[in-house]
Every structure is written in structure tokens, then in C-alpha cells.
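What follows is one structure encoded as C-alpha cells, with my remarks underneath.
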Amino acid sequence: NIGAAGQYTVGAFGGLVFALLLHAPWWLCLIASTVFGAVWGAIPGIFKAYLNVNEVITAIMFNWIGLYGCNTIMYGRGTGDSIIPSKLFGWDMSETFGYKSCTIAIFLAIIIAILLYVVINKTTFGYELKACGCNKNAARYAGINEKRSIILSMIIAGALAGNDLREDD
């Protein structure tokens with residue numbers, strides 16, 4: 001996903017809006033960042049599916065649009081406080097693992113990776129995504145809605161990129 005940088009930026013922006021302006025809990029900020037990244041990823045997917053515009057070029061352009069758009073909106077704002085807490089149910093993971101930036105993100109990432117493995121390799125939906133990724137014309141011939149598959153794959157990629165679970169110092 002060449003557009004991951006822009007989807008990450010817009011996802012982080014969404015999480016910050018919910019955290020700093022709406023004072024939402026961390027889990028709602030995580031959902032917001034996922035949704036913002038998914039929407040940003042869907043735009044190049046829609047261009048590819050309906051206008052046959054090269055998704056690489058579109059995604060690269062949207063990386064910069066997202067970066068400059070978020071910089072313009074957020075310029076001079078924000079405190080830099082962490083959105084994702086380091087404690088999970090009273091367990092301070094930074095003490096256990098010896099790293100200040102250790103959060104519940106590792107557990108969420110493992111769960112998401114397992115879930116995606118199952119969806120991609122064990123479901124009809126995953127088969128359709130893989131078939132469309134290999135050859136959209138053959139997928140269309142097999143009765144797969146290639147436009148839907150392209151858009152959904154970009155939405156999933158955007159959601160994962162917008163929901164980057166790192167916590168930078």
C-alpha cells in the first residue's frame with residue numbers, strides 16, 4: 001500500500017481530533033483513526049475502480065494532500081500527549097517489558113493479524129480480494145465484482161495504516 005503514509009497521517013489526525021478536541025476515551029480515538037484512514041484509503045480505490053486511474057500515482061498524491069491538509073488544520077495545536085494508555089487493566093506493561101513505549105498495541109496488532117489471516121485465507125471475501133489482486137479481468141469473468149473488491153481492499157489498507165498502533169516518544 002503506497003498510500004500508507006497519507007492514511008497514517010489522516011488517521012493520526014482523526015485520533016488527535018477525538019482525543020484533544022472531543023476528549024474521547026482512547027478506544028474511541030483508535031476507532032476514529034481507523035475510520036479516518038479507511039476513508040482516506042477508499043478515495044484512491046474509488047478512482048481506480050470507477051475511473052481506472054493508477055492507484056499508485058493517486059495514493060502518492062493523496063499522501064501529500066493528507067500531510068499538507070493535516071498540517072494546515074493542526075498548525076500550532078496539539079499537546080503531543082499519548083492517545084493509547086500504557087496501562088491495561090492496571091498492568092503497567094512498560095515496567096514488565098522494560099520499554100517506555102510498550103502499550104496494549106502489541107496485543108491489538110496480533111489479534112488484527114490473526115483476524116486478517118483468517119479472512120484472507122479462509123473466506124470467500126478473501127478469495128475474491130486475492131483473485132481481483134491477481135487479475136481483475138479474470139475476476140470479473142469469474143463473477144467477482146472487481147470494483148467492490150478494489151475499493152474494499154483500499155479501505156482495509158487505509159484502516160490498518162490509519163490505525164498505526166505505534167506510540168512515539
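Just so it is clear, the values below take in all heavy atoms, side chains as well, and ignore hydrogens, waters and symmetry mates. The structure displayed is predicted, hence computed values, not measured ones.
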I151 and Y50, any side-chain heavy atoms less than 4.5 Å apart: yes
CD1 on I65 to OG1 on T58, rounded to 0.5 Å: 9.5 Å
Where C29 and A24 come nearest, the two heavy atoms and their spacing: SG-O, 3.7 Å
Cluster overlap I155 with I112, hydrophobic side-chain contacts below 4.5 Å: yes
Pairing residues for R140 by the side chain to side chain contact (heavy atoms under 4.5 Å, CB included) criterion, not counting sequence neighbours: N137, E146
Joint cluster assignment, L51 & I150, ILVMFWY side-chain distance < 4.5 Å: no
Same cluster (ILVMFWY, side-chain, under 4.5 Å), I57 and L67: no
I120 side chain near K130 side chain, heavy-atom distance below 4.5 Å: yes
Distance-minimising heavy-atom pair for A4 and N63: N-OD1, 4.2 Å
Side chain proximity check, R148 to L129, heavy atoms < 4.5 angstrom: no
Exceeds 12 heavy-atom contacts within 6.0 angstrom, atom OH of Y117: no
Residue pair Q7 / A157: nearest heavy atoms and the distance that separates them: OE1-O, 3.6 Å
K147: partners by side chain to side chain donor-acceptor pair (under 3.5 Å), with sequence neighbours left out: none
Residue pair P44 / M154: nearest heavy atoms and the distance that separates them: CB-CE, 3.9 Å
Shortest non-hydrogen contact from Y127 toward I144: CE2-CD1, 4.5 Å
Transitive ILVMFWY side-chain link I43 to M61, under 4.5 Å: no
Any L116 side-chain heavy atom under 4.5 Å of I156 side chain: yes
Note, F13 side chain near W40 side chain (heavy atom, < 4.5 Å): no
For T9 against G66, the heavy-atom pair lying closest together: CG2-O, 3.9 Å
Joint hydrophobic cluster, V119 plus L152, side-chain heavy atoms closer than 4.5 Å: yes
Which pairs of donor and acceptor atoms, one on a side chain in residues 14-23, lie under 3.5 Å apart (sequence neighbours left out)?
none

Test item: N54 and K48 side chains (from C-beta on) under 4.5 Å apart, heavy atoms: no
